**Student:** 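Sharing a structure below in C-alpha cells format, with a few things to ask.
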There are 2 protein chains.
Amino acid sequence: MKLMTIGHLARRAEVGIETVRFYERQGLLELPARKDSGYRQYDESVVARLRFIKRAKELGFSLKEIKELLALRVDPSTTCAEVRSRAKAKIADVEEKIQALQRIKNALVQLTAVCRGRGPTSECPILDALDQESEP
Amino acid sequence: MKLMTIGHLARRAEVGIETVRFYERQGLLELPARKDSGYRQYDESVVARLRFIKRAKELGFSLKEIKELLALRVDPSTTCAEVRSRAKAKIADVEEKIQALQRIKNALVQLTAVCRGRGPTSECPILDALDQESEP
DNA sequence: ATACGCTCCGTACCATACTACAGAGTCAAG
DNA sequence: CTTGACTCTGTAGTATGGTACGGAGCGTAT
C-alpha cells in the first residue's frame with residue numbers, strides 16, 4: 001500500500017493543504033498515520049473521500065451533513081436498521097434536491113425557447129417559467 | 001394590486017426581515033416602493049422571488065449565481081442571443097448537479113440494500129457504493 | 001553538508017451569508 | 001390618544017468554511 005504526503009493528497013484531490021488539515025480538525029477525515037517525523041501519511045482512499053466532500057459541498061450539503069453521509073455505517077454503536085432509516089431520510093432529501101433542480105432546469109430550457117429576440121422580456125423570466133412549471 | 005409590509009413578506013416567504021433587507025442591499029431584490037413614512041411596500045411577486053432564492057441557496061448556488069439566474073432577461077443592454085447562451089451554460093451546470101445527486105442517491109439506495117445486519121460494514125460504505133457506480 | 005522544498009502546529013485573518021441590536025419614527029386597535 | 005407592535009437606518013456581531021502566516025523541523029538531490 002503506497003502512502004502519500006499531505007501535499008500529494010491535496011494536489012490529487014484538488015483542494016488546498018490547509019483545507020485537508022481543516023477537514024481533519026472538523027472530523028471529516030480520520031486521523032492519518034504519521035511518520036516518525038510527524039508527517040501525515042495518506043492512502044489512496046482519502047483522495048476519493050476528499051473528492052466526495054468537494055462535490056457534496058457544491059451540491060449544497062454542509063460539512064455537518066457530509067459528515068453524516070460519510071458516517072452511514074454499521075458499527076458497535078449503530079444497528080443496521082438505524083443506518084437504513086438514516087439513509088432513507090437522506091434519499092428523500094436528495095430526491096427533493098433533484099426535483100428542485102429539475103424544475104429550475106425546465107425553467108431555463110423554457111427561457112431559451114421563449115426568447116426570440118423580439119425586444120425586452122418580462123421583469124424576471126425565470127420566475128415566470130417556474131410559475132408555469134407548477135401550474136401547467 | 002395589494003401591497004404588503006416587509007414583515008408580511010418575510011413571513012410569507014419564510015425568511016427573516018433582516019434577510020429581506022440584506023438581499024435588497026446585495027441587489028437580489030429590487031428597491032421596493034415606499035410609503036410616505038418610508039415603509040417598504042412589496043407586491044405578491046416578491047414572495048416567489050424570495051422563495052426561489054431560498055431554494056436555490058439550498059441547492060448550492062451562491063447569492064452571486066442566484067443573482068445571475070434572476071437577471072437572465074433581454075433588456076436594452078442584453079441581446080436575446082446573449083441570454084440564450086448564458087441560459088445554456090446554466091443548464092449544463094444544473095444538469096451536472098442533477099447527475100452528481102443522482103449518483104449519490106444511487107449510492108444511498110445501494111447502501112440500504114447491502115446493509116443486512118450481519119455486523120460491522122466497511123469504513124465508509126457510501127464511498128464504496130459510489131465506486132461501484134462509476135465502474136459497474 | 002547544504003540548500004530548497006515540504007511539513008509541522010498554532011493562531012490569525014478572510015469572505016459569505018446572515019442576525020442582532022440601538023434609537024427613532026409609524027400604525028392601528030381600543 | 002395612548003399603547004404595543006411594526007418599521008426605519010446604520011453598525012456590529014455570528015457561523016461556516018476556509019486561507020494565510022510564522023517559526024521550526026524534515027527530506028533529498030547535488
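Everything numeric in this text was worked out from a predicted model, so none of it was measured.
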**Student:** Does B:Tyr23 have a side-chain nitrogen or oxygen under 4.0 Å from the phosphate oxygens OP1 or OP2 of C:dC18?
**Tutor:**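 Checking B:Tyr23 against C:dC18: at least one side-chain N or O falls below 4.0 Å of OP1 or OP2.
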
**Student:** By nearest nucleotide on DNA chain C, pick out whichever of A:Ser37 and B:Phe61 is the more 5' one.
**Tutor:**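 Residue closer to the 5' terminus by nearest nucleotide: A:Ser37.
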
**Student:** Mind calculating the distance between NZ (B:Lys57) and C1' (C:dA17) to the nearest angstrom?
**Tutor:**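 Atom-to-atom, B:Lys57 to C:dA17, this comes out as 7 Å.
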
**Student:** Could you state the CG-C1' distance from B:Leu9 to D:dC6, rounded to the nearest angstrom?
**Tutor:**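 The distance from CG of B:Leu9 to C1' of D:dC6 comes to 14 Å, rounded to the nearest Å.
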
**Student:** A side-chain contact here means heavy atoms from C-beta on lying under 4.5 Å apart; do B:Phe22 and B:Ile17 qualify?
**Tutor:**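 No; the side chains remain at least 4.5 Å from each other.
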
**Student:** In plain terms, say whether B:Glu58 and B:Arg55 are close enough for a salt bridge, that is, a side-chain N and a carboxylate O under 4.0 Å apart.
**Tutor:**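 Salt bridge: no.
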
**Student:** Just how far, in rounded Å, is P of D:dG27 from CE of A:Met4?
**Tutor:**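 Roughly 18 Å, once rounded to whole Å.
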
**Student:** Check every atom of D:dG25, D:dG27, D:dT7 against the side chain of A:Tyr39 and return the nucleotide holding the closest atom.
**Tutor:**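 Per side-chain heavy atoms of A:Tyr39, the pick is D:dG25.
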
**Student:** Go through C:dC9, C:dT7, D:dT19 for me and flag the one nearest to the A:Thr19 side chain.
**Tutor:**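 Ranking C:dC9, C:dT7, D:dT19 by closest atom to the A:Thr19 side chain puts D:dT19 first.
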
**Student:** Which is more 5' along DNA chain C, the nucleotide nearest B:Leu63 or the one nearest A:Arg11? Just name the residue.
**Tutor:**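 Its nucleotide being nearer the 5' end, the pick is A:Arg11.
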
**Student:** Is the charged tip of B:Lys57 near the ring of B:Phe52: under 6.0 Å from the six-membered ring centre and within 45° of its axis?
**Tutor:**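 B:Lys57 over B:Phe52 ring: no.
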
**Student:** Applying a 4.0 Å non-hydrogen cut-off, can you work out what B:Gly16 is touching in the nucleic acid: base, sugar-phosphate, or nothing?
**Tutor:**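 It contacts nothing in the nucleic acid.
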
**Student:** What's the closest nucleotide to the side chain of B:Glu18 if the choices are D:dG27, D:dT7, C:dA20?
**Tutor:**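 That would be C:dA20.
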
**Student:** Assign each of A:Arg21 and A:Asp36 to its nearest nucleotide of DNA chain D by heavy atoms, then name whichever residue's nucleotide is nearer the 5' end.
**Tutor:**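 Residue closer to the 5' terminus by nearest nucleotide: A:Arg21.
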
**Student:** Examine C:dC9: is either OP1 or OP2 under 4.0 Å from a nitrogen or oxygen in the side chain of A:Arg34? Give yes or no.
**Tutor:**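 The answer is yes; a side-chain N or O of A:Arg34 sits under 4.0 Å from OP1 or OP2.
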
**Student:** A:Thr5 has a side chain; which of D:dG17, D:dG27, C:dT7 sits nearest to it?
**Tutor:**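 Looking only at side-chain atoms, A:Thr5 lies closest to C:dT7.
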
**Student:** Is the closest basic N to carboxylate O distance between A:Arg40 and A:Glu24 below 4.0 Å?
**Tutor:**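 Looking at A:Glu24 together with A:Arg40, the answer is yes, because their closest N to O distance falls below 4.0 Å.
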
**Student:** Can you tell me the distance, in whole Å, between the CD1 atom of B:Ile17 and the C1' atom of D:dC6?
**Tutor:**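 B:Ile17 atom CD1 is separated from D:dC6 atom C1' by 8 Å.
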
**Student:** Grab the NZ-C1' distance between A:Lys35 and D:dG27 for me, whole Å please.
**Tutor:**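 After rounding, the gap between these two atoms is 8 Å.
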
**Student:** Should A:Gln41 and A:Thr5 count as side-chain neighbours, where that means a heavy-atom distance under 4.5 Å?
**Tutor:**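 No - every pair of side-chain heavy atoms lies 4.5 Å or more apart.
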
**Student:** Write down the distance between CG (B:Leu28) and P (C:dA17), rounded to a whole number of angstrom.
**Tutor:**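 Rounded to the whole Å, the gap is 9 Å.
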
**Student:** Figure out the CZ/P separation between B:Arg40 and C:dC27, and round it to whole Å.
**Tutor:**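 Rounding to the nearest Å, CZ of B:Arg40 and P of C:dC27 are 14 Å apart.
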
**Student:** Rounded to the nearest angstrom, tell me the gap between atom CZ in A:Arg25 and atom P in C:dC9.
**Tutor:**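 Taking CZ of A:Arg25 and P of C:dC9, I get 10 Å after rounding.
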
**Student:** Could you tell me whether A:Lys64 contacts a base, only the sugar-phosphate backbone, or nothing, with contacts defined as non-hydrogen atoms closer than 4.0 Å?
**Tutor:**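 No contact at all - A:Lys64 keeps every heavy atom at 4.0 Å or more from the nucleic acid.
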
